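What follows is a short report on a single structure.
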Amino acid sequence: MKQPLVSVIMPAYNAEKYIMQSLHSLLAQTYTNWELLVADDGSVDTTRSLIDSFDDTRIFRFHQAINQGYLKTWNSLLQKARGEYITFLDADDYIQEERLLLLVNFLNSHPDVHICGTGIAFVDNDQQVVGERTYPSDWEQIQTCLYDPTRFPFCGSAVMIRREVAEAVGGYRDFFDRVGWEDHDWLIRCCERYKASNIPNIVYYYRHNPSSVTRAIDVSVRSVRKLVIKKIGLELANQRLQTRTDLLMCNDQAGLQALIDKYEAPYRKDPSRIYRMMSYRSLQEGDVQGGLSLALQGTRQNPLHLSNYLMIFRSVIRRIFS
């Protein structure tokens with residue numbers, strides 16, 4: 001069997017609670033021809049020393065004294081990858097021992113496929129599996145789901161790509177730095193050039209962290225951007241569908257600002273809106289108390305807005321029947 005080198009990308013920041021499990025799951029892989037490119041991104045806990053405690057010649061460390069953020073660290077590591085195949089492992093996740101072997105075998109036997117993902121299991125902070133998800137394997141269905149805001153066809157960390165994909169597409173785009181959706185934007189752009197698939201096996205364990213009950217919401221430009229970034233990203237993707245380019249590719253700053261204003265203006269007009277949205281997300285994630293707390297904060301921000309009271313009512317009902 002062909003055994004190409006697999007590069008595994010792992011940015012890490014304040015991951016001391018989970019990174020040992022993550023690294024041990026990689027060391028336990030039945031497929032052994034891999035290299036790990038890992039960077040402690042200026043952690044203030046023991047993440048760096050835990051990484052450095054491993055003595056394995058396949059582990060390459062690129063630590064950073066100053067925090068650069070996930071996006072920039074991920075891009076830096078991607079540029080250093082030497083493998084014919086490239087995959088990812090977040091520092092708080094872990095993988096089943098046959099994950100690399102399954103993906104390598106699939107890509108080896110499907111030369112027309114350049115991107116392949118797997119099913120995932122959601123695990124909580126107590127190591128309990130709280131859900132599972134599989135993704136479409138059919139290429140036509142994947143293409144349809146790419147632009148559906150409710151059915152994205154991959155878990156970004158669970159994919160493996162051929163090296164030429166990274167060389168052609170590049171990494172994450174800086175526009176998404178610290179606001180999210182960078183992996184969705186990147187995978188859509190990858191699939192605009194290359195065929196993709198998924199295998200149904202649940203071999204990637206994704207850490208599920210519900211909203212914190214006491215987490216304060218910073219009503220800042222970045223916080224609002226996080227809530228609307230999916231809509232902005234999908235508009236950019238649809239621009240490429242129609243014209244093969246988008247506002248970022250054209251460096252159209254005026255057009256980009258108009259697009260941002262289109263989605264952020266309602267939050268600037270009504271500061272309580274962000275609390276309602278975060279309350280809704282908390283309820284969706286099962287964090288009923290957090291949802292109620294955020295709904296109450298929204299009411300204090302704008303006591304005249306009826307939707308804030310409806311959100312409190314929804315949270316109370318969920319609390320009674322949960």
Side-chain angles (χ1 to χ4, degrees), residues 2 4-9 11 37 70-89 100 102-120 135-177 180-199 204 229-252 255-256 259:
K2 179 183 176 184
L5 177 66
V6 174
S7 295
V8 182
I9 305 299
L37 295 88
Y70 183 87
L71 183 149
K72 287 184 170 62
T73 304
W74 190 95
N75 280 348
S76 176
L77 294 175
L78 183 68
Q79 291 176 355
K80 296 176 173 65
R82 301 176 301 147
E84 182 177 339
Y85 296 156
I86 302 172
T87 191
F88 315 98
L89 177 57
L100 294 186
L102 286 169
L103 286 166
V104 168
N105 284 346
F106 185 91
L107 290 175
N108 281 348
S109 58
H110 296 81
D112 59 322
V113 175
H114 285 66
I115 305 144
C116 184
T118 71
I120 65 171
Y135 299 92
S137 58
D138 178 73
W139 174 226
E140 291 185 3
Q141 189 177 358
I142 287 174
Q143 289 175 295
T144 300
C145 292
L146 282 171
Y147 306 97
D148 186 329
T150 64
R151 296 189 303 158
F152 195 71
F154 304 102
C155 170
S157 298
V159 301
M160 181 178 285
I161 64 172
R162 298 184 190 273
R163 181 181 185 82
E164 66 183 88
V165 176
E167 292 174 342
V169 177
Y172 293 156
R173 298 198 284 186
D174 287 345
F175 176 75
F176 298 92
D177 189 21
W181 222 73
E182 67 278 353
D183 55 339
H184 287 220
D185 173 74
W186 180 74
L187 280 165
I188 292 172
R189 291 186 293 116
C190 289
C191 289
E192 289 168 355
R193 297 190 182 204
Y194 297 99
K195 184 177 180 181
S197 186
N198 284 289
I199 56 178
Y204 191 100
I229 194 63
K230 178 191 289 188
K231 293 179 179 179
I232 294 173
L234 284 172
E235 282 224 20
L236 294 172
N238 280 294
Q239 289 172 9
R240 295 194 302 277
L241 267 181
Q242 297 171 19
T243 66
R244 297 192 177 184
T245 189
D246 65 29
L247 295 170
L248 288 175
M249 295 167 69
C250 295
N251 195 30
D252 183 349
L256 186 62
L259 178 60

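Side chains included, hydrogens not; waters and symmetry mates left out as well; all remaining heavy atoms used. On a predicted model such as this, the values are computed, not experimentally measured, just so you know.
The closest side-chain donor-acceptor pair between Lys80 and Ser76 falls under 3.5 angstrom.
Taken from CZ in Arg162 to CE in Met160, the straight-line distance is 10.5 Å, to the nearest 0.5 Å. Interatomic distance, Glu182 CD to Phe176 CZ, rounded to the nearest 0.5 Å: 8.5 Å. Here Thr118 contributes atom OG1 and Ile199 contributes atom CD1; the two are 6.0 Å apart, rounded to the nearest 0.5 Å. With rounding to the nearest 0.5 Å, the separation of CG in Leu107 from OH in Tyr85 is 5.0 Å. Atom OG1 of Thr87 and atom CD1 of Ile161 lie 8.5 Å apart (nearest 0.5 Å). The distance from the CD1 atom of Ile120 to the OH atom of Tyr204 is 8.5 Å, given to the nearest 0.5 Å.
In this structure, the side chains of Ile142 and Tyr135 stay at 4.5 Å or more apart for every pair of heavy atoms. When side chains are defined from C-beta on, Gln239 counts as touching Leu247, because their heavy atoms get closer than 4.5 Å. Within the 4.5 Å cutoff, the side chain of Val6 has heavy atoms near those of the Val104 side chain. A heavy-atom distance below 4.5 Å is found between the side chains of Phe175 and Ile229. Annotation: side chain of Phe152 is not in contact with side chain of Cys145 (no heavy-atom distance under 4.5 Å).
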- Query: Between Trp186 and Trp74, is a ring pair (Phe, Tyr, Trp, His ring centres under 6.0 Å) present by the stated rule, with each step listed?
  - Reply: CA-CA 12 Å; Trp186 180 74; Trp74 190 95; 5.1 Å; yes
- Query: After noting the C-alpha distance and the side-chain angles of Ile232 and Trp181, does the key distance pass the side-chain contact (heavy atoms from CB on, under 4.5 Å) rule?
  - Reply: CA-CA 10 Å; Ile232 294 173; Trp181 222 73; over 6 Å; no
- Message: Please determine whether side-chain contact (heavy atoms from CB on, under 4.5 Å) holds for the pair Glu164 and His114, giving the CA-CA distance in whole Å, both sets of side-chain angles, and the decisive distance to 0.1 Å.
- Response: CA-CA 8 Å; Glu164 66 183 88; His114 285 66; 3.4 Å; yes
- Task: Show your reasoning for whether side-chain contact (heavy atoms from CB on, under 4.5 Å) applies to Cys191 and Ile115.
- Result: CA-CA 8 Å; Cys191 289; Ile115 305 144; 4.1 Å; yes
- Output, in order, the C-alpha distance, side-chain angles, deciding distance and verdict of side-chain contact (heavy atoms from CB on, under 4.5 Å) for Tyr172 and Leu78. CA-CA 10 Å; Tyr172 293 156; Leu78 183 68; over 6 Å; no
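Across all non-hydrogen atoms, the minimal contact from Ile188 to Ala237 is CG2-CB, 4.1 Å. Nearest heavy atom pair, residue Pro153 against residue Asn198, reads O-ND2, 2.9 Å. Contact detail for Gly156 and Phe88: the closest heavy-atom pair is O-CD1, 4.0 Å. In terms of heavy-atom proximity, Val113 sits nearest to Ser197 at CG1-N, 4.0 Å. The minimum heavy-atom distance linking Leu103 with Ala158 is given by the pair CD1-O, 4.3 Å. Pro149 approaches Leu234 most closely through the heavy-atom pair CB-CD1, 3.6 Å.
Listed for the Asp185 side chain is no donor-acceptor partner under 3.5 Å among the backbone atoms of Gly233. Under the 3.5 Å distance criterion, the side-chain polar atoms of Glu235 are left unmatched by any main-chain donor or acceptor of Leu259. A donor-acceptor contact shorter than 3.5 Å is absent between the side chain of Arg151 and the backbone of Thr144. Asp183 contributes no side-chain N or O that, together with a main-chain N or O of Ser157, makes up a donor-acceptor pair within less than 3.5 Å. Remark: side-chain polar atoms of Ser7 are not paired, donor with acceptor, to backbone N or O of Ala81 under 3.5 angstrom.
With salt bridges taken as basic N to acidic carboxylate O contacts below 4.0 Å, one links Glu167 and Arg163. In this structure, Glu192 pairs ionically with Arg240, as a charged nitrogen and a carboxylate oxygen lie closer than 4.0 Å. By the 4.0 Å N-to-carboxylate-O rule, Arg173 lies close enough to Asp246 to be salt-bridged with it.
Residue-environment remark: NZ (Lys231) stays at or below the threshold of 12 foreign heavy atoms within 6.0 Å.
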